[in-house]
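Written out below as structure tokens is the structure these notes cover.
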Number of protein chains: 2
Amino acid sequence: MTEERIKEAINTLKESGVRITPQRHAILEFLIVSMAHPTADDIYKALEGKFPNMSVATVYNNLRVFKKAGLVKELTYGDSSSRFDFASSDHYHVICSSCGKIVDFHYPGLDEVEALAEHVTGFSAQNHRMEVYGVCPDCREHGKILKS
Amino acid sequence: MTEERIKEAINTLKESGVRITPQRHAILEFLIVSMAHPTADDIYKALEGKFPNMSVATVYNNLRVFKKAGLVKELTYGDSSSRFDFASSDHYHVICSSCGKIVDFHYPGLDEVEALAEHVTGFSAQNHRMEVYGVCPDCREHGKILKS
DNA sequence: GTTATAAATTATAACTATTTTAATTTAAGA
DNA sequence: TCTTAAATTAAAATAGTTATAATTTATAAC
């Protein structure tokens, strides 16, 4: 399954004239298998073993290329760093306000919100984002103090 | 109406032991009357006339104080700068992906999303955010090229 | 009105995340 | 194998935000 996703993603890149370098392949694979929505620095550090000379600029450059190709979504949730998510399917996120963990959350699309937004504001709606904040079971269990 | 809001906000601040300086008052007033969801730099520049010696650090410090007091919400939408919104009532935002304009959008709360998120993920939901992206009437009219 | 004092402001240095740059390497087409 | 434009690399630069030390000031107390 992972292999198929990588192949599809690589085809998408090739079709838009992007070369497939080992670094590019490794970053993409990391994002596909990752459930943790990593930051650029997470990715950079995770690949240090396999690519000791990889530059953090390479990571950022590739994330921008993947984002532009529609393969990856950048999550900007007020953390100090952006996080990145392989765009496998439409879903939302649930974020723990204590430990920061992010989990995927499939919910029937809120398309009617876009429709009403168009009606009320005169905008042509294209897409929306939504995320739920709360406390994960682990943090609740360990009685961790909320950030806020 | 604006005067009342300022008074209420100032009372909130006084109750939490925060002093009311002219700078603090001016930043608060700017946010209450602003419909534009300004950045810290927008605020800093807008008040340059009245407060030529105001420091950008003062703006940031005060925004943090207002945020902590619950008077202001920080909008982190992937722009390179945070934007700030006086938290007058619960609402969502519609953002133009061409020119960046943000408008308020009142929609019945999506509380059932939080309920389902709790059910599906085991989190204790606290709150959520949602924003709709699209093209504003002005940009549609002038045929502006989309950012993406 | 004066005094005391801790909060706030100020100017600027520092920090962090991300982007840019110039030199070098390399993917992939011919 | 050769060519060349894309990509990587290392490090500088940028922009947004925070921290710092010196100074100012809001406000409580008198």
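Sequence lines set the chain letters: A, B, ... in the order given, protein chains first and strands last, and positions in each chain run from 1.
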I want to confirm an ordering. Mapping B/Asn53 and B/Val18 to their closest nucleotides on DNA chain C, which one lands closer to the 5' end? B/Val18
Can you confirm whether A/Tyr77 sits close enough to A/Ile95 that some side-chain heavy atom of one is under 4.5 Å from a side-chain heavy atom of the other? yes
Under 6.0 Å between ring centres: does that hold for B/Tyr92 and B/His128? yes
Hey, does the side chain of A/Thr58 come within less than 4.0 Å of D/dT9's phosphate (OP1/OP2), counting only N and O? yes
Which residues end up grouped with B/Met35 if you chain together Ile, Leu, Val, Met, Phe, Trp and Tyr wherever their side-chain heavy atoms are less than 4.5 Å apart? none
Under 4.0 Å from a heavy atom of chain A: give me the 5'-most and 3'-most nucleotides of DNA chain C that qualify. C/dA17 to C/dA28
Are any protein N/O atoms closer than 3.5 Å to N/O atoms in nucleotides 28-30 of chain D? If there are, list each pair with its distance.
none

Which protein N or O atoms sit under 3.5 Å from an N or O of nucleotides 11-13 of chain D?
none

Base, sugar-phosphate alone, or nothing: which one does A/Asp41 contact when heavy atoms must sit under 4.0 Å apart? nothing
Any side-chain heavy-atom pair from B/Val113 and B/Met130 closer than 4.5 angstrom? no
Any B/Ser82 side-chain N or O less than 4.0 Å from OP1/OP2 of D/dT17: yes
Along DNA chain D (nearest heavy atom to each residue), the more 5'-positioned of B/Thr21 and A/Pro52: A/Pro52
Of A/Ile20 and B/Arg19, the one whose closest DNA chain D nucleotide lies more 5': A/Ile20
Ordered by number, residues from residues 22-29 of chain B within less than 4.0 Å of DNA chain C (heavy atoms) are B/Gln23, B/Arg24
Side-chain H-bond candidate by donor/acceptor type, A/His37 with A/Asp104, under 3.5 Å: yes
Note: contacts of residues 4-14 of chain B with DNA chain C (heavy atom, under 4.0 Å) are none
